[in-house]
Structure formats: structure tokens, C-alpha cells
Amino acid sequence: MALVLELAGVSHWYGAFRALTDVELRLEAGPIGLVGQNGAGKSTLMQILLGLIRPTQGQARVLGLDARTAGMKLRSRVGYMPDRNALIPGLNGIEYVALAGEMCGMARRQALRRAHETLSHLGLEDARYRRLDQYSLGMSQRLKLAATLVHDPDLMLLDEPTSGLDPEGRAAMLNLLGTLAHRPGKSLLLASHLLGDIERVCGSAIILDQGRVLSVGRIETLRAARQRGYRLRWDNAGAAFLDSLRSQGVRIEASRELADRSAVGGEARVIVPADWQTREFFAAAMAHGVTLQMLAAEEEDLDAVYHRLIGGATGRSTGNAPAAVPTREAT
Amino acid sequence: MTLEEIRYRGWSEQLTWSWLGWWPIARTGLVLVLRRKVFWIFLGLASLSFLFMFATIYLKAQLTTQNPGFRRFVDGILSNATGTGETYRDFMFAQGTVTMLLLAFAGATLVGDDIRSGGMSFYLARRIERWHYLVGKLLSVGFLVSLTTTLPALVLFIEYGLLTESMVYFRENWTILRGILGYGLALALVLSCLLFALASWLPRTVPLVMAWVGVFLLLPATGEMLREATGSRKWLLLSLWRDVRLIGTWCFGAADQPRELELLYPSMIVAAAVCVLSILAVLPRLRATKVVP
């Protein structure tokens with residue numbers, strides 16, 4: 001399959017500030033996620049991919065074209081939806097989208113016809129003659145998407161397309177992007193700080209932090225990088241039991257002793273090695289005279305993987321988000 | 001949701017020439033200005049002096065046709081409509097105030113809004129280079145300047161020729177046409193560059209109007225005061241509108257004001273410097289996205 005993005009050693013400085021550091025990417029066509037916090041270098045990367053700025057170092061090829069030299073040709077095949085407002089006050093919906101088409105090289109009549117079509121595709125046909133300052137946020141986002149789609153680009157660069165949308169609008173937008181992203185021969189680079197959005201639409205993802213690519217690959221590969229955690233509760237003194245687990249490579253995240261008038265016991269959150277078998281808990285418990293009262297598996301979501309990779313949060317367990325937690329309990 | 005459900009259809013047809021990218025920008029800029037009521041108010045004000053001059057020329061032609069003996073008397077009364085180069089130059093100069101006001105408000109619509117509302121991202125992420133955007137916006141401003149100065153002057157020139165001496169007038173006064181076009185071009189170029197630069201750094205209307213007032217009222221007043229204090233006429237170069245007027249005088253071929261034309265070359269240098277510095281000031285503002293370090 002043809003490569004959509006090829007970046008080799010791309011670095012970019014703004015004066016003394018290094019926005020991108022040695023970015024290496026080779027990605028095939030399809031929906032790709034770009035995850036990073038503010039200041040991670042997403043905007044700079046998108047500008048480089050659009051051919052708007054030349055990287056200080058390295059080479060970038062997009063759709064087989066050199067982003068340094070083929071900027072205009074490249075932009076005629078790429079659609080960019082910025083995260084900022086990017087509207088032109090005073091125009092109405094149809095004029096805005098038709099102008100986008102014209103700016104991409106369409107003749108005026110074609111651009112107008114295509115603008116009508118695109119607005120209909122995105123459910124904005126009733127609002128097409130409304131002034132842009134009267135559009136709601138959700139409508140503005142769909143309008144910007146229409147302006148991105150009007151010339152049917154081979155690659156769509158979408159910067160935070162769901163930002164500011166209510167849950168219903170967000171779900172509708174992701175649904176739409178999911179549909180558009182899987183058109184044959186078309187690709188999508190979806191920048192977001194919400195991994196859930198990326199997970200829903202994209203097949204692969206790039207994780208960017210402070211200008212560096214931390215991880216890149218299939219979403220399934222990222223999922224595979226998830227840590228397996230368990231919550232344990234036991235009866236009797238558990239110090240020797242925990243030491244035994246530690247010696248087998250289990251990381252004890254948090255533990256405490258529970259004691260009342262009738263019995264002693266404890267509970268802990270543990271992270272196990274990749275090849276860990278659940279029965280090994282029972283074997284260790286039996287060996288140290290401990291009775292397991294509860295054994296609950298906790299799975300990290302991609303958000304937690306992301307936060308762990310960027311070294312920011314300590315790893316937000318999905319245990320705090322019950323709807324998303326596949327939990328097995330054994331007593 | 002499937003592509004069939006949203007009735008999505010792809011698109012692949014011949015694209016237009018890429019160098020034409022400035023045209024939709026210029027056209028859209030004009031549409032945005034023409035939609036504002038304030039523009040029509042200023043255009044109405046600009047039309048007043050045009051209509052007055054139009055009527056004067058008409059009246060003069062009628063009176064002298066009916067009573068040829070009145071010519072000297074009428075010329076004395078209606079001395080601002082003699083059909084010479086000064087007539088049109090002074091008319092274009094007199095349009096300055098209202099043109100300034102018009103541009104001060106148009107600047108925020110044409111350029112300021114793009115900076116403030118992210119329109120720049122919209123434009124620059126398409127199949128254009130930065131110079132397409134620059135040319136498109138400069139043409140929009142240039143057209144507005146021409147609408148209040150060059151175009152009415154051309155209409156008056158044609159009217160004068162048709163109502164008074166017919167083709168002889170055009171044949172003998174072709175330098176006037178050159179003067180109108182040259183002065184108009186100088187006005188359009190200098191004002192559009194300066195407006196673009198100021199509006200790109202001061203995108204809101206009020207600061208822009210204040211800066212504009214500073215350039216076209218305070219600087220000339222300061223220049224005049226300094227001239228009186230030092231006795232050096234070079235301080236008059238601070239009045240940009242006057243500098244462009246000198247260039248206009250030169251375009252009209254008026255050689256009857258040698259004292260004025262002493263400052264012609266310095267005025268040209270000032271006007272050229274304003275254009276170059278304005279373009280240089282605009283370039284860093286032409287970015288598609290804001291970088292958050």
C-alpha cells in the first residue's frame with residue numbers, strides 16, 4: 001500500500017524553541033490519529049504536512065509529494081480543518097464552502113454546485129444561506145468539515161474536530177468521520193487530545209509529546225501495550241504473600257491492611273507482568289496461608305496508556321470509569 | 001452511517017490555473033465590505049463632492065454653450081472646474097478625508113477579521129501561496145481607493161470632454177488621463193500597503209482608526225509644526241497624503257509649482273519606503289496557524 005506520510009528526521013525550531021525533534025514516520029493510507037497535548041507540536045507538524053512551513057531539518061513527503069517544494073500541489077490534494085474558528089464573518093454557509101472550493105482550484109460554478117452537495121451531505125442544507133455568525137458551534141464544526149471536504153481531498157488533516165461539541169454532537173461528528181475515513185484511497189489525520197475519539201475513528205495513532213514521537217502504530221498495538229492490573233483482597237497476614245508476588249515481578253501499586261475485631265487481612269492494587277497467569281495468585285496465596293477474598297481484573301484504557309507514555313499522569317485506571325471497565329471478579 | 005446514507009459523492013474534475021488564486025480573495029474582500037452599511041455611508045459622502053463637481057461641469061457647459069460671452073465670468077465663478085490637470089488632481093486630493101475614513105473601517109473587515117477569526121488559516125491552507133493572499137487583499141483595498149478617487153475623476157474627465165470641446169479636449173489633454181491613472185495608482189498602492197500592514201497588527205476597528213488618524217492627521221500636523229519651528233520644508237514629508245499628492249502632480253505633468261516639486265524625489269522615496277516596510281511588516285503575520293510553544 002502507498003505511503004501517505006513519510007517523515008525522515010524532521011525537526012523544527014522557532015528561534016531557540018524546538019517544536020519538533022527528529023520525527024520519523026512512515027504511514028500507509030487510512031485513518032490515522034495524532035494525539036498530543038497543547039504544545040506537543042501538532043500544529044507545527046500539520047503546517048509542515050501542508051507545506052506551509054519548511055522543517056528546519058529533515059524531509060517530509062505527503063501523498064508522495066515533497067512538502068518543501070510542492071506546497072500548492074499538495075494543498076490541492078489535502079483538506080485542512082483547523083481547530084480555531086477559521087470562519088469568515090459576513091459570508092453565508094454556501095459562500096464559505098464555495099470559496100473554499102475555489103481556493104482549491106475549482107471553477108466558480110463547480111465550486112458552488114459542489115458546495116450545495118457537500119452541505120447536503122453534512123446535513124446543513126437548511127442553514128446554507130444563513131450568515132456564519134449565526135451558526136451554532138456544532139454547525140460551525142460541520143461547516144468547517146464541509147469546507148475541508150469540498151474538493152474531495154485525498155488526505156484530510158483535522159485538528160480537534162470535536163472540540164467544544166456536546167456529547168450528542170461529538171458522537172454524530174465521530175460517526176460521520178468514521179464513515180468518511182474509510183472511503184477507498186482516502187486518508188485522514190485526526191489530531192485530538194481525546195484518545196477515545198482516535199480509538200473510534202482511526203486504525204493507527206501517533207503519540208506526540210513535546211515535539212517527540214513517543215509511539216506510533218496500530219491502535220491494536222497500543223492496546224497491547226496496556227498494563228494488566230488487579231485488585232486483591234485477602235484474609236490473614238499478607239506480608240509474605242506480597243513479598244512472594246514481588247519476587248515474581250508483580251508491582252504492588254497500593255496496599256493496606258484491614259483489621260477488625262474478628263480477623264486481619266489486606267487489600268492491594270497490583271500490576272502484573274505480560275505473561276502472568278491468574279492462577280499464580282492462587283498458588284502464591286496457598287503457599288503463604290492466605291485466602292483470597294476478591295480478585296478483580298482492571299484494564300487500562302488508551303487514555304491511561306497515553307498518559308503513562310507521556311509520563312504525565314500516573315495512569316488513570318478505568319476502575320474510576322465503570323462504564324468502560326471490563327472487570328472480572330473471582331472470590 | 002454509510003456513504004450511501006449521507007449520499008456522499010466524490011469529485012474529480014479539472015482544476016483552474018493556480019496563479020488565479022488571488023481573484024476569489026479580492027472578490028470576497030469586496031463583497032464583505034460592500035455588505036457593510038457604514039461603507040455605503042462613506043461612499044455616499046464621497047459621492048457628494050463628485051456630484052457637486054459633475055453638476056458644476058454640466059452647468060458650466062450649458063451656460064457657455066448658451067452664452068459664449070459668459071465664459072470668462074463662469075470660469076471666474078466656477079474656478080474649480082476648468083478641465084485642467086489641477087481640476088482632477090485637486091478633486092482626487094479632496095476625496096482624501098472620506099477615503100481615509102472609508103479605509104479605516106474597511107481595514108478591519110478586509111484584513112483584521114482574518115487575523116482575529118482565523119480566516120487566515122482558511123485561506124492559506126488552500127492551493128495558494130502567501131503572495132496570492134497579499135495581492136488579493138491589496139487589490140480589494142486598491143479597488144476601494146479607486147472607487148472614491150480614480151473612477152470619479154475619470155468620469156469627470158469624460159464628462160468634461162463630451163460636454164465642452166469634444167474630441168479636441170481628449171486629444172489635447174491626454175496627459176490628464178495619464179495623471180489620473182498615475183495618481184490613482186500611487187494612491188491605491190501606498191494606501192493599500194499601509195492599511196494592510198496596520199490592520200494586520202491592529203485588527204480591531206478602534207485601534208486601527210486611531211493609528212490611521214495618527215498617520216494622516218497627527219504626523220502631518222507634527223510635520224507642519226516642525227517646519228515652522230526649524231524652517232526646513234523637509235518636515236512636510238511626514239504628511240504621506242501630501243507626498244502622494246506630489247507624485248500625482250508629477251504624473252499630471254504640472255511644472256508650474258517648482259517650489260512644491262522640490263520635494264518630489266524625497267516624497268517618492270518616502271512612499272516607496274512606506275510600501276516596502278508595510279509589506280515587510282505584513283509577512284510575519286501571514287501564518288496559517290498559531291503556534292503554541
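In this text the structure is predicted, and so the values were computed from the model without any measurement.
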A:Y96 ring center near B:F122 ring center (under 6.0 Å) = yes
Where does A:A147 contact chain B at under 4.5 Å (heavy atoms): side chain, backbone, both or neither?
-> both
Which atoms form the tightest heavy-atom contact between B:P24 and A:L99, and what is the distance?
-> CB-CD1, 3.7 Å
How would you list, by chain and number, every residue that makes a side-chain contact (heavy atoms from CB on, under 4.5 Å) with B:I158, sequence neighbours excluded?
-> B:L162
Straight-line distance of B:Y133 OH to A:M103 CE, nearest 0.5 Å = 9.5 Å
Where on A:R131 is there a heavy atom nearer than 4.5 Å to chain B: the side chain, the backbone, both, or neither?
-> neither
Of the backbone (N, CA, C, O) and the side chain (C-beta and beyond), which part of A:L157 lies under 4.5 Å from a heavy atom of chain B, both, or neither?
-> neither
Mark yes when over 12 heavy atoms from residues, nucleotides or ligands other than A:R212 sit less than 6.0 Å from its CZ; otherwise mark no.
-> no
Would you mind telling me which of A:A86, A:G211, A:G123 has the largest number of heavy-atom pairs within less than 4.5 Å of chain B?
-> A:A86
Measure B:S117 against the heavy atoms of chain A and call it side chain, backbone, both or neither at under 4.5 Å.
-> both
Worked check of salt bridge (charged side-chain N to carboxylate O under 4.0 Å, His left out) between B:R35 and A:E95 | CA-CA 14 Å; B:R35 280 185 183 164; A:E95 287 169 335; 2.4 Å; yes
Starting at CH2 of B:W23, measure out to CZ of A:R108 and round the result to the nearest 0.5 Å.
-> 9.0 Å
How long is the gap from CD1 on B:I128 to SG on A:C104, to the nearest 0.5 Å?
-> 9.5 Å
Note: A:L52 and B:L124 closest approach over all heavy atoms is CD2-O, 3.2 Å
What part of A:Q110 lies closer than 4.5 angstrom to a heavy atom of chain B: side chain, backbone, both or neither?
-> side chain
Counting only heavy atoms not in B:F54, do more than 12 fall under 6.0 Å of its CZ?
-> no
Can you tell if the side chain of B:D113 reaches within under 4.5 Å of the side chain of A:I88, non-hydrogen atoms only?
-> no
Best-contacting candidate, A:G79, A:A111, A:G105, against chain B by heavy atom pairs under 4.5 angstrom | A:G105
Residues, nucleotides or ligands: over 12 heavy atoms within 6.0 Å of A:E168 CD = no
Test salt bridge (charged side-chain N to carboxylate O under 4.0 Å, His left out), reference A:E102, set B:R127, B:R126, B:R27, output is B:R27
In this structure, OG of B:S121 is separated from CD of A:Q47 (nearest 0.5 Å) by 8.5 Å
What part of A:L149 lies closer than 4.5 angstrom to a heavy atom of chain B: side chain, backbone, both or neither?
-> both
